Enquirer: 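Could you have a look at this structure, given as C-alpha cells, before my questions?
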2 protein chains.
Amino acid sequence: MTTEGEPLTKRDFEALARFRFGIRSYLRFSEETVRGHGLTPQQYQLLLALKGFPDRDWASVRELADRLQLRHNSVVELVNRAQGEGLVTRAAHPTDARAVRVLLTKLGEKVLAQLSTLHRDELRRMGSALTPPV
Amino acid sequence: MTTEGEPLTKRDFEALARFRFGIRSYLRFSEETVRGHGLTPQQYQLLLALKGFPDRDWASVRELADRLQLRHNSVVELVNRAQGEGLVTRAAHPTDARAVRVLLTKLGEKVLAQLSTLHRDELRRMGSALTPPV
DNA sequence: CGACTTTGTATCGTGATACGATATGAGGGC
DNA sequence: GCCCTCATATCGTATCACGATACAAAGTCG
C-alpha cells in the first residue's frame with residue numbers, strides 16, 4: 001500500500017474496490033439468509049446489537065442508534081417493526097424513566113442464534129476476502 | 001471463536017456485533033465523506049468499481065452488477081444518475097454490440113482520487129476494528 | 001440461413017426505510 | 001420551581017433497489 005499522502009496507484013484502487021466488494025458480498029449473503037428466515041437485514045442487526053452488547057443483553061434506543069449508526073428516530077421505527085413481529089420487547093429502564101430497555105424475546109433469541117451461526121460460518125468461508133487492505 | 005456447529009457464546013455474539021459495528025462505522029464515514037463531495041455512496045462505489053476493475057479501467061453494466069452486488073436494472077439507473085452528474089460516460093463495447101462500456105470522465109477520475117485517499121486513510125485509522133472475527 | 005434461446009440494456013411502477021422537523025415528557029443544575 | 005438538556009416518539013418526504021416487462025443483438029442448431 002502507498003504511504004501517506006502519495007497518490008494512489010492502480011493497484012491501490014483495485015485493493016480498495018476488492019475490499020468494498022467483500023463487504024457487499026458479505027452483506028448480500030446476510031440479506032438473503034436473513035430474509036429467508038423472515039426478517040429484514042436491519043432487524044437482524046438490531047437483534048445482534050442487543051445480544052452482542054458488551055456485558056449486557058439489552059440496550060436503550062440511544063445506545064442502539066450508536067451501535068447501528070442510525071438516527072434515534074430511525075431506531076424507534078426499527079424497534080416498532082421488530083416488536084410488531086415479536087422479535088423484541090420494550091421494558092422500563094432500571095434507572096432512567098426517560099429511557100427504554102429494548103430486549104430480545106424468546107423468538108428473537110432463537111432466530112438470532114440460528115442466523116448468527118450461519119453468519120459465523122460464512123465469515124470463515126470468506127476468509128481473507130474481507131480483510132481490509134492497509 | 002467457537003468451533004463448527006457448537007452454539008455461540010456471549011463472546012461470539014459480541015465479536016459478530018463488533019464486526020458489524022465496524023462495517024457500519026466505515027460505511028457511515030464513507031457516506032458522510034462522499035456526500036460532502038456532492039455524490040451519493042452508490043456513485044462512489046460505482047466510480048471505485050470502474051477504476052478498481054482488474055486490468056481495465058471500465059466495465060459493462062453486467063460486470064458492474066456483479067461487483068456492486070446489485071441487479072442489472074439497478075446499475076442502469078445508477079449509471080444514469082452518475083452520467084447526469086458528469087461522473088461517467090457510456091461508450092460502445094469493443095466486441096459486443098449489445099453491451100455498453102461504462103467509463104470515468106475527467107471529473108469522475110478527479111473526485112474518485114480525492115475520495116479514495118480519504119478512504120484509505122480512514123481504513124488505516126480504523127485498524128483492527130474492521131478485521132473479521134474468525 | 002431462418003427460428004429459437006440466451007444475453008445485455010433499458011423503462012416503469014412499487015415498496016421499504018432512513019431521515020429532518022417536530023412534539024412530549026422526564027432528568028438535573030442552580 | 002425554572003430552565004435547559006436528553007430520550008423517546010410521530011409524521012411527511014425522498015431516495016433507491018427491486019420485480020416485471022420490453023427490445024435488440026448474439027449465439028445455436030436444424
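Chain letters run A, B, ... following the sequence lines, proteins first and then strands; every chain starts at 1. All of these numbers come straight from a predicted model, not from anything done at the bench.
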Enquirer: What's the closest nucleotide to the side chain of A:Val100 if the choices are C:dC19, C:dT9, D:dA9?
Expert: D:dA9

Enquirer: From D:dC16, D:dC18, D:dA9, pick the nucleotide closest to the side chain of A:His72?
Expert: D:dA9

Enquirer: Both A:Ser74 and A:Thr95 contact DNA chain C. Taking the nearest nucleotide for each, which residue is further toward the 5' end?
Expert: A:Ser74

Enquirer: Do the side chain of B:Glu32 and the main chain of B:Phe29 share a donor and acceptor less than 3.5 angstrom apart?
Expert: no

Enquirer: Let's see if you can work this out: which of D:dA7, C:dC19, C:dT9 has an atom nearest to the side-chain heavy atoms of B:Val61?
Expert: C:dT9

Enquirer: Measuring from the side chain of A:Ala97 (C-beta onward, heavy atoms only), which nucleotide among C:dA10, C:dG27, D:dA9 has the closest atom?
Expert: C:dG27

Enquirer: Dot-bracket for DNA chain D, please, read 5' to 3', with Watson-Crick or G-U wobble pairs under 3.5 Å on both distances, ( ) within the strand, [ ] crossing, | other strand, . unpaired.
Expert: ||||||||||||||||||||||||||||||

Enquirer: Looking only at side-chain atoms of B:Arg98, point me to the closest of D:dC18, C:dT6, D:dT8.
Expert: C:dT6

Enquirer: Would B:Gln83 and B:Arg90 count as having a side-chain donor-acceptor pair, cut-off 3.5 Å?
Expert: yes

Enquirer: Let's go through B:Thr89 and B:Arg101 carefully: what are the C-alpha distance in whole Å and the side-chain angles of both, what is the deciding distance for side-chain hydrogen bond (donor to acceptor under 3.5 Å, both in side chains) to 0.1 Å, and is it a yes or a no?
Expert: CA-CA 8 Å; B:Thr89 336; B:Arg101 203 152 66 129; over 6 Å; no

Enquirer: Just by distance, no angles: are the side chains of A:Ser30 and B:Arg20 close enough, under 3.5 Å, to form a donor-acceptor pair?
Expert: yes

Enquirer: Do B:Ser25 side-chain atoms and B:Phe21 backbone N/O form a donor-acceptor pair below 3.5 Å?
Expert: yes

Enquirer: Among C:dT9, C:dA18, C:dT7, which is the nearest nucleotide to the side chain of A:Glu77?
Expert: C:dA18

Enquirer: Indicate, yes or no, whether a donor-acceptor pair under 3.5 Å links the base of C:dG8 to the side chain of B:Asp96.
Expert: no

Enquirer: Just call it for B:Gln42: base, sugar-phosphate, or nothing, with non-hydrogen atoms closer than 4.0 Å on any strand.
Expert: sugar-phosphate

Enquirer: Just by modelled atom types, is the B:Arg56 backbone N or O under 3.5 Å from a matching donor or acceptor in the B:Lys51 side chain?
Expert: no

